[in-house]
Amino acid sequence: MVGSFRAELIKLNKRPATWLLLGIALVLGALFAYVIPYLGATTGTTGATADRGLAATLPANVVGNTLGGYPVFLGALLVVLGVLFVGGEYGWGSWKTVLTQGPSRTSVLAGKFAVLAVAALGFVLAIFAMGSIASVLIAAAENESMAFPSAFDIVRGIGAGWLIATMWTVFGAVLGILLRGVALAVGLGLVWMLAVQNLISSLAAPLLPWVDSAQRGLPGPGAGALVASLGAPTGTPGVDSLMGGGPAALVVAAYLVGFVALGTVVLRRRDIL
């Protein structure tokens, strides 16, 4: 597996799409978590999210602010990363080349999953660094406190973000395996992320009590509840306090393990062509 991990890590670093997705994630995170709320607070505009105020963009709230995008928008970018990294092997025909060199399917896929976990951590750390810098600049401009949360809260927030990010990335990888490609896997992944789970939470759940109960077992609402428990603004799409942080973390972790198991079983048992 070590050899597979090294090879897959080189492949990930060499692909421009990896850095493009990271750049988009940083731009979106800065724009919607800091730039727009700051402009809204300083210009005195009103709206549905105007109650966040300047305090929401300060260093004290950096953990929640940087986690708010993972249930939907930033999570969607990670799904695309997972699809490209694994599903692209079918379009390029590289599965045959890799597997004829000696490694087993399980070893190669384990290397891919491990690299995706590292990539997810890289995204989380980069977004947290961006949020820290943005919040410090805002605090300096407004002469506000630059006090950050405790080290424990920061580590806990980064850990939760890594768990969610890895779950979505592996979800994308499994879609690539199931659908043996990129286009349909990306399309279905984005439809689920940006449409279906939001419709379930905002439309079906308020009307049907059983749907409201069932959505607590879905990955998106689980991720939303987890980041909400750590201070993510509840007005952010996908963020809702449906359950406590502990149960939400278990839901996300269960899906991560399930996706890894499903992808491994399918790849081992099915023809790669």
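Note that this is a predicted model, so its numbers are computed, not measured.
Val265 and Leu178 fall into different hydrophobic clusters, where Ile, Leu, Val, Met, Phe, Trp and Tyr are joined by side-chain heavy atoms under 4.5 Å apart, directly or via other members. When hydrophobic clusters are built by joining Ile, Leu, Val, Met, Phe, Trp and Tyr residues whose side-chain heavy atoms come closer than 4.5 Å, directly or via intermediates, Tyr34 is grouped together with Leu39. When hydrophobic clusters are built by joining Ile, Leu, Val, Met, Phe, Trp and Tyr residues whose side-chain heavy atoms come closer than 4.5 Å, directly or via intermediates, Leu84 is not grouped with Ile10.
A donor-acceptor pair under 3.5 Å is absent between the side-chain atoms of Thr236 and the main chain of Val239, judged by distance alone.
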Q: Begin with the C-alpha distance, continue with both residues' side-chain angles, and end with the deciding distance and a verdict on side-chain contact (heavy atoms from CB on, under 4.5 Å) for Phe148 and Asp153.
A: CA-CA 10 Å; Phe148 278 82; Asp153 288 337; over 6 Å; no

Q: Could you check Lys11 against Glu89 for salt bridge (charged side-chain N to carboxylate O under 4.0 Å, His left out), going step by step and ending with a plain yes or no?
A: CA-CA 11 Å; Lys11 288 166 62 177; Glu89 305 285 7; 2.6 Å; yes

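Annotation: the span from Met130 atom CE to Leu125 atom CG amounts to 12.5 Å, rounded to 0.5 Å. Atom OH in Tyr38 sits 6.5 Å away from atom CD1 in Ile138 (nearest 0.5 Å). We find the CG-OG distance between Leu218 and Ser201 to be 7.5 Å, quoted to the nearest 0.5 Å. Taken from CZ in Phe5 to CZ in Phe113, the straight-line distance is 14.5 Å, to the nearest 0.5 Å.
The aromatic rings of Phe171 and Trp168 lie perpendicular to each other, with more than 60° between the two planes, well past the 30° mark.
Nearest heavy atoms, Tyr255 versus Gly217: OH-O, 2.5 Å.
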